[in-house]
There are 2 protein chains.
Amino acid sequence: MSAFIVIVEDEEDILELIEYNLEKEGFDTMGFTSTKNVAQLLEEESVDLLIMDRNLPGVEGSEFVAQMRGIGVDTPVIYLSAKNKESDIEEGFDRGGDDYMTKPFNMKELVLRIKAILKRTKKDKTEGKVIYRDITLDLGSRELSIEGNNIELTKLEFDLLHTLISNQNIVLDRDYLLEHVWGGDAIYQDRTVNVAINRLKEKIDPDKSKEYIKTVRGVGYTLC
Amino acid sequence: MSAFIVIVEDEEDILELIEYNLEKEGFDTMGFTSTKNVAQLLEEESVDLLIMDRNLPGVEGSEFVAQMRGIGVDTPVIYLSAKNKESDIEEGFDRGGDDYMTKPFNMKELVLRIKAILKRTKKDKTEGKVIYRDITLDLGSRELSIEGNNIELTKLEFDLLHTLISNQNIVLDRDYLLEHVWGGDAIYQDRTVNVAINRLKEKIDPDKSKEYIKTVRGVGYTLC
DNA sequence: AGTCTCTGTAACCGTTCTGTTACATAGGCT
DNA sequence: AGCCTATGTAACAGAACGGTTACAGAGACT
């Protein structure tokens, strides 16, 4: 789950410090020392989060964000500010910002807040059940039942089966599975998928009579 | 008979004055200067009374209450208003409010009205009980009984169990629990959930024979 | 102020999971 | 059949995860 984060901060060393720490956490970052060029970026690229200094020379950070909101950019924002007066905090929130931190701030806290915001904005928790032949996958309780019998799955196995069932009749290649089940950023060997699939096969069909998961040689796997 | 009263009033000194006086009377209070966060609170917590300024900047207090009624929140309300025009009073009542006071008001009178309303609503407060297996959670008295035996829970433990029971058969991840039990804005480590869950487990099932709370590795916890 | 309870944090440890590797097997092609 | 490549299988080790405990700070109560 790599996110693209844009940081606007005029003090270069702080900017670098933030970028360094966020990249260490696996985020993609782009830093600016002024709002110049940032507007265009926000409009054209899919930016997941904006970290914005309130006290930029020239433009007020919150003013800038307000303008962005005006043209339909709804990227969530974390404001940074040297001040911590109550009035400032309220103003920041009123203008549609999502979070607020005062300098000097704890880098750990910043990362936590970032993760919280990303999670919140990306939440489209679809709950319900997915069914395929005699397999039922309960997305709420994360339970698998086959012919009425419950089978324990690990998180990885569950997610993998979920992806397969959601795309039944479509052959999914290893890259697709790696990206969707494992998460885009990490790098794995391709045998990883292989082994995981076979562990899953073993669990849902120990005596290999059902052939739920079909191997498509040279391509990937499918449920059909 | 301690009641939980939420106050929404944008003038900070008045807010503080009210809180001070109500707490002196033994009420639990929570004050807000805007309706932000209040909706969530009303939905999720058992709020006994809402004191609501009619003249908030932005949202109309009575409009806000109407929305709350729309989603099933039936917390009684006392409106505060600087105006005392007849039309306003009527409108206030029409929208389902329970009482109405005009500023400036007498604090003694406010307390009396509060007590009157609480008395009235307490009676028909068939506060629900939540039941799961042999666990009964009395939301009114905030008591837990298991197989008929009362067990003391702290506030945190109670809220946590309440959330779990209300979502039984659904695996709740740590972020969800942090947001709903601890409250959205604060930042905690997720091991916090871990420890809290285990303290709760210890209390409700000391000899680990019942397995009420199930750990779903890599995801969260569930009652199933 | 002092005590007690509650609760967040950190550290440690055992368990489970999972990525990797090496090897075996199967499928497809000439 | 023989070869080559892709996939299945088994074993292992490191990583991730959660349980547990200890501790300290916050808050309530005396």
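Lettering follows sequence order; numbering is per chain, from 1.
- Annotation: salt bridge (Lys or Arg N to Asp or Glu O under 4.0 Å) contacts of E143(A) (sequence neighbours excluded): none.
- For E202(B) and dC6(C), the CD to P distance is 14 Å, given to the nearest whole Å.
- Looking at T29(B), its side chain never comes within 3.5 Å of a backbone N or O of I5(B) through a donor-acceptor pair.
- At a threshold of 4.0 angstrom between heavy atoms, the contacts of V193(B) with the nucleic acid are absent.
- Near DNA chain C, meaning a heavy atom under 4.0 Å from it, residues 152-162 of chain B has T154(B), L156(B) in order of number.
- Residues meeting the side-chain hydrogen bond (donor to acceptor under 3.5 Å, both in side chains) test with T215(B), sequence neighbours left out: K201(B).
- Only one option out of R199(A), K203(A), R142(A) pairs with E157(A) in a salt bridge (Lys or Arg N to Asp or Glu O under 4.0 Å); it is K203(A).
- Remark: C1' of dA28(D) and CG of D28(B) are 12 Å apart, rounded to the nearest angstrom.
- Within the 4.5 Å cutoff, no side-chain heavy atoms of D53(A) are placed close to those of V8(A).
- Within the structure, every pair that satisfies the salt bridge (Lys or Arg N to Asp or Glu O under 4.0 Å) test and touches residues 213-224 of chain B, not counting sequence neighbours, is listed here: E152(A)-K214(B).
- Residues satisfying the salt bridge (Lys or Arg N to Asp or Glu O under 4.0 Å) criterion with E202(B), sequence neighbours excluded, are absent altogether.
- Residues forming a side-chain hydrogen bond (donor to acceptor under 3.5 Å, both in side chains) with D207(B) (at least two apart in sequence, or on another chain): S209(B).
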Check nucleotides 25-30 of chain C for protein N or O atoms closer than 3.5 Å to its own N or O atoms and list the pairs.
none

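- Rounded to an integer number of Å, the gap from Q189(B) CD to dT9(C) C1' is 7 Å.
- With rounding to whole Å, L200(A) atom CG is found 11 Å from dT18(C) atom P.
- Residue Y188(A) contributes atom OH, which lies 13 Å from atom P of dA15(D) at whole-angstrom precision.
- Legend: residues meeting side-chain hydrogen bond (donor to acceptor under 3.5 Å, both in side chains) with S145(B), ordered by chain and number and at least two apart, are absent.
- Summary of helix geometry: the two end axes of the helix from dA1(C)-dT30(D) to dT30(C)-dA1(D), each defined by five base pairs via their C1' atoms, are inclined to each other by 30° (rounded to 10°).
- Using a 4.0 Å cut-off, no side-chain N or O of W182(B) falls inside it from OP1 or OP2 of dT7(C).
- One finds no side-chain N or O of T215(B) lying less than 4.0 angstrom from the OP1 or OP2 phosphate oxygen of dC17(D).
- What separates CZ of R174(A) from P of dG19(C) is a distance of 14 Å, to the nearest Å.
- Counting only N and O atoms by type, the side chains of N198(B) and Y221(B) include no donor and acceptor under 3.5 Å apart.
- For N169(B), the side-chain hydrogen bond (donor to acceptor under 3.5 Å, both in side chains) test picks out no residue, with sequence neighbours left out.
- Taking the side chain as every heavy atom from C-beta outward, W182(B) and T192(B) approach each other to under 4.5 Å.
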N/O contacts under 3.5 Å, protein versus nucleotides 9-12 of chain D?
from	atom 1	to	atom 2	distance (Å)
dT9(D)	OP1	K208(A)	NZ	2.8
dA11(D)	N6	R199(A)	NH2	3.3

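- With contacts defined as side-chain heavy-atom distances shorter than 4.5 Å, the pair Y212(B)/L164(B) does not qualify.
- Close to dC17(D), at under 4.0 Å from its OP1 or OP2, lies no side-chain N or O of Y221(B).
- Not counting sequence neighbours, Y20(B) has no partner by the ring-ring contact (aromatic ring centres under 6.0 Å, His included) test.
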